[in-house]
There are 2 protein chains.
Amino acid sequence: MTETQILNYALNQFAGIDAAAFELSAPYWQRKTYGKGEFYNEYKNVCKYLGFILDGVFRTYYIDDESAEEKNVFFFSKNQVVVAYKSFVTQTPCSYYTESMTESTILYIHINHLTELYGKSHHWERFGRLVAETAFNLAMNRAEEFMFRTPEQRYLELIQNHPDIFNNVPLYHIASYLGIQAPSLSRIRKRMVGK
Amino acid sequence: MTETQILNYALNQFAGIDAAAFELSAPYWQRKTYGKGEFYNEYKNVCKYLGFILDGVFRTYYIDDESAEEKNVFFFSKNQVVVAYKSFVTQTPCSYYTESMTESTILYIHINHLTELYGKSHHWERFGRLVAETAFNLAMNRAEEFMFRTPEQRYLELIQNHPDIFNNVPLYHIASYLGIQAPSLSRIRKRMVGK
DNA sequence: CTATATTCTTAACCCAAGTTAAGATCGTCA
DNA sequence: TGACGATCTTAACTTGGGTTAAGAATATAG
């Protein structure tokens, strides 16, 4: 399967984009590869592209003014959309960095082209709405994790629900994602051995 | 100003709904009042209505299985939309309770009518998108509060940004919203006296 | 204006995460 | 293989929230 076919298939799964609707978009998608540590989008930049990950893992993180620590907010991996959603839809500067954690390949489309597609086909409008709902779900799930669960519960749920991330990311990045320091994660892991 | 005019004005401010577009919706809006403690929507119910608050304050809360405690997730007040967003857009059962904390009055519209309006006017499509973005911002802000701020910082920001809520809600509800117990909020307040 | 319920604060004790620094383990590549 | 850097764990101590229960302050109603 070619990369374009993979994209076509994924968009069909995600939003029912059919062959004709996909054809409309075909001229607009571009391909890009990232080395480990390269940025998809940086703090204070406006996010102008929506990406589809063919391979690799990205993380978006915040830098805390006071502690100067990086705090991981989201991970994005294979066959997912990667975008700084708020910055993208409002075309305002981003509060985060989004960095490739591995060698990665994406296909991406410019916001102007996407907006153009919204006008041309209801399939693409539907796509836009579904991206919005996905972004909402990501943010709400994250809020719920922190409001309702302990760090230990968050750790267990990450292993359950996102083994792909757990298995491909160093523990200190996991700790940051869980909202705790590396030594605390070590203690949690130690505590759990007895269970 | 009549209640309908207030709604018209608010929708115009929020999403540029003009007189003609508002006319389309006029037959669909209904009025409802709530006593203190009455529910806008309950756990396991599908949220079928989107409300606009003319007066009053609502809270949506989660009941933790283990501790059986209520955890406040959002407050909604005058001139805001009240809705259980995820339940509303997916028409699936809600995880939360949304309760009126005061005597309240809302105007509300059924999802089927709203969907109908989406098809009739780009103004209403725009409204749908803006509600989605508002819901995303609410959820993302909440996630950021918990990921990046201490309880004390969250308390200060609530006073700064939402004095209307702070001044009209008992402290034990504020504590729950901040993700801490009432005695902890008391300690924070005490600590801060010296500043 | 008192009685009552609600809300808020305080105290004492417990426990988990933060902090810092040291050392163990793992990977990788010359 | 051996040496370096990266990652992970551990220890000792500090800090702040959780828990429980008591009591103080505030509202509300009779």
Side-chain angles (χ1 to χ4, degrees), chain A residues 35-38 57 59 61-72 75 99-103 145-159 165-195, chain B residues 35-37 57 59 61-72 75 99-103 145-159 163 165-195:
Chain A
K36 188 174 178 169
E38 284 188 76
V57 180
R59 71 179 174 115
Y61 63 92
Y62 172 78
I63 295 193
D64 193 68
D65 289 334
E66 301 183 8
S67 66
E69 270 172 13
E70 295 178 5
K71 310 221 171 178
N72 293 325
F75 293 118
E99 175 201 76
S100 177
M101 302 177 73
T102 60
E103 297 288 313
E145 284 165 20
F146 279 82
M147 288 190 290
F148 309 145
R149 317 280 172 228
T150 64
E152 179 164 338
Q153 289 171 325
R154 295 201 287 273
Y155 175 67
L156 290 170
E157 285 176 14
L158 181 71
I159 294 175
I165 290 167
F166 179 71
N167 292 317
N168 290 298
V169 164
L171 281 173
Y172 64 89
H173 273 149
I174 303 279
S176 167
Y177 181 79
L178 298 175
I180 58 179
Q181 299 301 120
S184 290
L185 181 52
S186 260
R187 285 186 289 238
I188 287 169
R189 286 157 60 82
K190 192 175 191 179
R191 245 183 268 149
M192 284 175 31
V193 173
K195 296 178 188 169
Chain B
K36 187 172 178 170
V57 180
R59 71 179 174 116
Y61 63 92
Y62 172 77
I63 294 193
D64 193 67
D65 289 335
E66 301 184 7
S67 66
E69 270 172 13
E70 296 179 4
K71 309 221 171 178
N72 292 325
F75 294 118
E99 175 201 77
S100 177
M101 303 178 73
T102 61
E103 296 289 313
E145 284 165 19
F146 279 82
M147 288 190 289
F148 309 146
R149 317 280 172 225
T150 63
E152 179 164 339
Q153 289 171 325
R154 295 201 286 275
Y155 176 67
L156 291 170
E157 286 176 14
L158 181 72
I159 295 174
I165 291 168
F166 179 72
N167 292 317
N168 292 297
V169 164
L171 281 174
Y172 65 88
H173 273 148
I174 303 281
S176 167
Y177 181 79
L178 298 175
I180 57 179
Q181 299 300 121
S184 291
L185 180 52
S186 260
R187 286 186 288 238
I188 287 169
R189 287 157 61 83
K190 192 175 190 181
R191 244 184 268 147
M192 283 176 30
V193 173
K195 294 176 189 169

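Chain naming here is simple, since letters A, B, ... match the order of the sequence lines and numbering starts at 1 in each.
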**Report entry** B:Arg191 side-chain proximity, nearest of D:dT19, C:dT19, D:dG16
**Finding:** D:dG16
Query raised in the report: Can you check whether A:Arg189 has a side-chain N or O nearer than 4.0 Å to OP1 or OP2 of D:dT10?
Result: no
Query raised in the report: What is the distance from CZ of B:Arg154 to C1' of D:dG16, rounded to the nearest Å?
Result: 13 Å
Requested in this report: Establish, with yes or no, whether the OP1 or OP2 oxygen of D:dT9 is under 4.0 angstrom from a side-chain nitrogen or oxygen of A:Ser186.
Outcome: yes
Report task. Rounded to the nearest angstrom, tell me the gap between atom CG in A:Leu185 and atom C1' in D:dT9. Result -> 11 Å
Report task. Let me know the distance between OH of B:Tyr172 and C1' of D:dT26, rounded to the nearest Å. Result -> 13 Å
Report task. Would you kindly give the CZ-to-P distance between A:Arg149 and C:dA16, to the nearest whole Å? Result -> 19 Å
Report summary line: Regarding the side chain of A:Pro170, the nearest nucleotide among C:dT7, C:dT20, D:dC8 is D:dC8
**Report entry** Residue pair B:Lys71, B:Tyr61: steps toward the side-chain contact (heavy atoms from CB on, under 4.5 Å) verdict
**Finding:** CA-CA 5 Å; B:Lys71 309 221 171 178; B:Tyr61 63 92; 5.8 Å; no
Query raised in the report: Do B:Ser184 and B:Arg187 meet the criterion of a side-chain donor-acceptor pair at a distance under 3.5 Å?
Result: yes
Query - Interatomic distance, B:Ile180 CD1 vs D:dG18 C1' [rounded to whole Å] - result: 11 Å
Query raised in the report: Parallel under 30°, tilted from 30 to 60°, perpendicular over 60°: which one fits the rings of A:Phe166 and A:Tyr155?
Result: perpendicular
Query raised in the report: Looking at A:Leu178, A:Leu156, A:Ile188, which one forms a side-chain contact (heavy atoms from CB on, under 4.5 Å) with A:Pro151?
Result: A:Ile188
**Report entry** Nucleotide nearest A:Ala182 (side chain, heavy atoms from C-beta), chosen from D:dT9, C:dC8, C:dA11
**Finding:** D:dT9
**Report entry** A:Lys36 vs B:Thr150, nearer the 5' end of DNA chain D by closest nucleotide
**Finding:** A:Lys36
Query raised in the report: How long is the line joining CZ of A:Arg187 and C1' of C:dA17, in whole Å?
Result: 6 Å
Query raised in the report: How close or far is atom C1' of D:dA24 from atom NZ of B:Lys190, stated in whole angstroms?
Result: 13 Å
Query raised in the report: For A:Pro151, which contact category applies under a 4.0 Å heavy-atom criterion: base, sugar-phosphate, or nothing?
Result: sugar-phosphate
Requested in this report: Start with the C-alpha gap between B:Arg154 and B:Phe146, add the side-chain angles, then the distance that decides, and say whether side-chain contact (heavy atoms from CB on, under 4.5 Å) holds.
Outcome: CA-CA 8 Å; B:Arg154 295 201 286 275; B:Phe146 279 82; 3.8 Å; yes
**Report entry** Whole-Å gap separating P (C:dT9) and CD (B:Gln181)
**Finding:** 15 Å
